[in-house]
> 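One structure, as structure tokens, below. Some questions next.
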Amino acid sequence: MPSPRSSRERRTGSGSSRLEFLSLVSQRSPGAPDSPSRRKEPGSSAAAPLPEEDCMKLNPSFLGIALSSLLAIDLWASKRLGVCAGEGSAWGSARPLMKVIEISGHGVPWLLGTFYGLCQSDSSAAREVLLNLLFALLLDLVLVAVVKGLVKRPRPTHNKMDMFVTISVDKYSFPSGHATRAALVCRFILRHLVLAVPLRVLVVLWALIVSISRVMLGRHNMTDVLFGLLLGYALYSVVEHCWLSPLSAPALFALWSH
Ligand SMILES: CC(C)=CCC/C(C)=C/CC/C(C)=C/CC/C(C)=C/COP(=O)(O)O
């Protein structure tokens, strides 16, 4: 029976008893003696290079693996949480309630409500706040449309496209427009409306429920909603930075003064 040592010697073809080590660096360096892409076929004189796409599959980056794993988990978990995605889903009977919550965070009632309030307001303080809310809502609409148009992530396959008033980019799901609006409006109200603590808690709960309902209705994956919340939160800071006042935009305020 051959000893382990003698079989190794036969494989390496060397008579020496020393072990050979190949570091990853030496395997990948162009001058490496036996790197996979340079190995010669027995009987052929030229090295056969591997197709580029094969190399990419064999050496995926750590970031690539982490990202595709995160997306796979996102798709799997979002599908499981989409319990109101259809009438026949696990919580299908709660779908009508989820759709009411959906409308409470929709752009149309918020834009029309703010516009109406602006026309009715008789104090300059109310006008200033409502004009800035209108500006914030329009900015949010544009920003979400631009990101959706750039990313072009399709909505989850289990989503039924039966939403109340949509625009063309709303066939895409990243980021969730409802989540950005919920975070933006929530921060705006907490900052500019004098409310009792229970009402402030209610506003935060509303924003969270609107966001969670997007995944439960099957409209979005979780990452769409999480990014939407972050975007809406950050957008509020932009609005505050560009705050419109009778001093900074006198023409705009003259338009609304009766
Ligand atoms: C009243 C004023 C001043 C202007 C209205 C103008 C206007 C362009 C309104 C469009 C509102 C609209 C259709 C918004 C889309 C809301 C929506 C369906 C978002 C998608 O949310 P998602 O969470 O599913 O991404």
Side-chain angles (χ1 to χ4, degrees), residues 74-75 78-79 81-86 89 95-121 126-188 206-236 239 244 249 251-253 255-256:
D74 182 33
L75 292 183
S78 306
K79 189 159 188 168
L81 291 173
V83 286
C84 303
S89 308
R95 192 170 161 83
L97 174 65
M98 289 294 151
K99 288 180 106 176
V100 172
I101 295 170
E102 174 170 61
I103 292 176
S104 80
H106 196 282
V108 168
W110 275 102
L111 283 163
L112 290 181
T114 308
F115 189 75
Y116 179 77
L118 194 56
C119 294
Q120 296 296 312
S121 63
R127 265 199 298 279
E128 185 174 325
V129 169
L130 288 170
L131 198 64
N132 279 283
L133 180 57
L134 191 61
F135 167 63
L137 291 169
L138 290 173
L139 195 65
D140 167 61
L141 214 62
V142 172
L143 189 69
V144 169
V146 168
V147 180
K148 278 187 176 178
L150 285 175
V151 177
K152 290 188 168 51
R153 185 184 199 188
R155 291 201 183 252
T157 48
H158 55 284
N159 173 48
K160 264 170 71 177
M161 204 52 198
D162 57 352
M163 281 169 63
F164 170 66
V165 195
T166 53
I167 48 178
S168 61
V169 283
D170 287 327
K171 60 176 179 281
Y172 301 124
S173 78
F174 186 91
S176 160
H178 278 72
T180 58
R181 197 158 29 253
L184 172 69
V185 165
C186 177
R187 264 193 95 183
F188 195 101
W206 166 79
L208 290 177
I209 290 171
V210 166
S211 303
I212 294 165
S213 74
R214 306 310 290 151
V215 180
M216 291 177 75
L217 273 170
R219 305 275 193 235
H220 289 281
N221 297 306
M222 290 187 318
T223 44
D224 306 331
V225 171
L226 289 176
F227 187 81
L229 284 172
L230 286 177
L231 195 63
Y233 189 89
L235 192 58
Y236 174 77
V239 170
L244 304 170
L252 209 54
F253 281 85
L255 215 67
W256 300 105

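Every number for a ligand or one of its atoms is a count from 1 in the order of the listing. If you read the sequence from its start, that first residue is 1, and numbering goes on from there.
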> Return a yes/no value for His220: is any of its N or O atoms, backbone included, closer than 3.5 angstrom to an N or O of ligand 1?
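So ligand 1 has an N or O lying under 3.5 Å from an N or O of His220.
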> Evaluate the ring planes of Trp206 and Trp110, with Trp represented by its six-membered ring, and classify them as parallel (under 30°), tilted (30 to 60°) or perpendicular (over 60°).
tilted
> Below 3.5 Å, N or O to N or O, backbone or side chain included: is there any such pair between Arg214 and ligand 1?
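Right, the criterion is met.
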> For atom NZ of Lys79, is the number of surrounding heavy atoms from other residues, nucleotides or ligands below 6.0 Å larger than 12?
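Check fails, neighbour count at 12 or below.
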> At less than 4.0 angstrom from any non-hydrogen atom of Val165, what atoms of ligand 1 do you find?
13 (C), 18 (C)
> Can you find a side-chain donor-acceptor pair between Thr180 and Asp140 that sits under 3.5 Å?
yes
> Please report whether ligand 1 has a polar contact with Val108, defined as an N or O pair separated by less than 3.5 Å (distance criterion only).
no
> Above 12 or not: heavy atoms from other molecules or residues under 6.0 Å from CZ of Phe253?
yes
> Does either side chain, that of Arg181 or that of Ser176, offer a donor lying less than 3.5 Å from an acceptor on the other one?
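No.
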> For the residue pair Arg95 and Ala85, what are the closest heavy atoms and their distance?
NH1-O, 2.9 Å
> Return the option from Leu111, Leu134, Leu112 holding the heavy atom at the smallest distance from atom 6 (C) of ligand 1.
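Looking at heavy atoms only, Leu111 sits closest to atom 6 (C) of ligand 1.
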> Mind checking whether His178 has an N or O less than 3.5 Å away from an N or O of ligand 1?
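Yes; the residue has a nitrogen or oxygen that sits under 3.5 Å from a nitrogen or oxygen of the ligand.
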> Under 3.5 Å between some N or O of ligand 1 and some N or O of Lys148?
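For ligand 1, there is an N or O atom that lies under 3.5 Å from one belonging to Lys148.
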> Would you mind listing which atoms of ligand 1 come within a distance below 4.0 Å of any non-hydrogen atom of Leu141?
8 (C), 10 (C), 14 (C)
> Work out whether the distance between some heavy atom of Arg219 and some atom of ligand 1 is less than 4.0 Å.
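No, that is not the case, since the closest heavy atom of the residue is not under 4.0 Å from the ligand.
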> Is there a nitrogen or oxygen of Ser176 sitting under 3.5 Å from a nitrogen or oxygen of ligand 1?
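For ligand 1, there is an N or O atom that lies under 3.5 Å from one belonging to Ser176.
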> Any idea which atoms of ligand 1 are less than 4.0 Å away from a heavy-atom of Gly177?
21 (O), 22 (P), 23 (O), 25 (O)
> Quick check: are there more than 12 heavy atoms from other residues, nucleotides or ligands sitting under 6.0 Å from CZ of Phe115?
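For Phe115, atom CZ is not crowded (no more than 12 foreign heavy atoms under 6.0 Å).
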> Return the closest protein heavy atom for atom 20 (C) of ligand 1 as residue, atom name and distance.
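Checking every protein heavy atom, the shortest distance to atom 20 (C) of ligand 1 gives Asp170 OD1, 3.5 Å.
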> Leu138 and Val142: side-chain contact (heavy atoms from CB on, under 4.5 Å), yes or no, with the steps?
CA-CA 6 Å; Leu138 290 173; Val142 172; 5.6 Å; no
> If you count the atoms of ligand 1 from 1 in the order shown, which ones are under 4.0 Å from a heavy atom of Arg155?
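Heavy-atom distances to Arg155 below 4.0 Å select 22 (P), 24 (O), 25 (O).
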> Check step by step if side-chain contact (heavy atoms from CB on, under 4.5 Å) holds for Lys99 and Met163.
CA-CA 8 Å; Lys99 288 180 106 176; Met163 281 169 63; over 6 Å; no
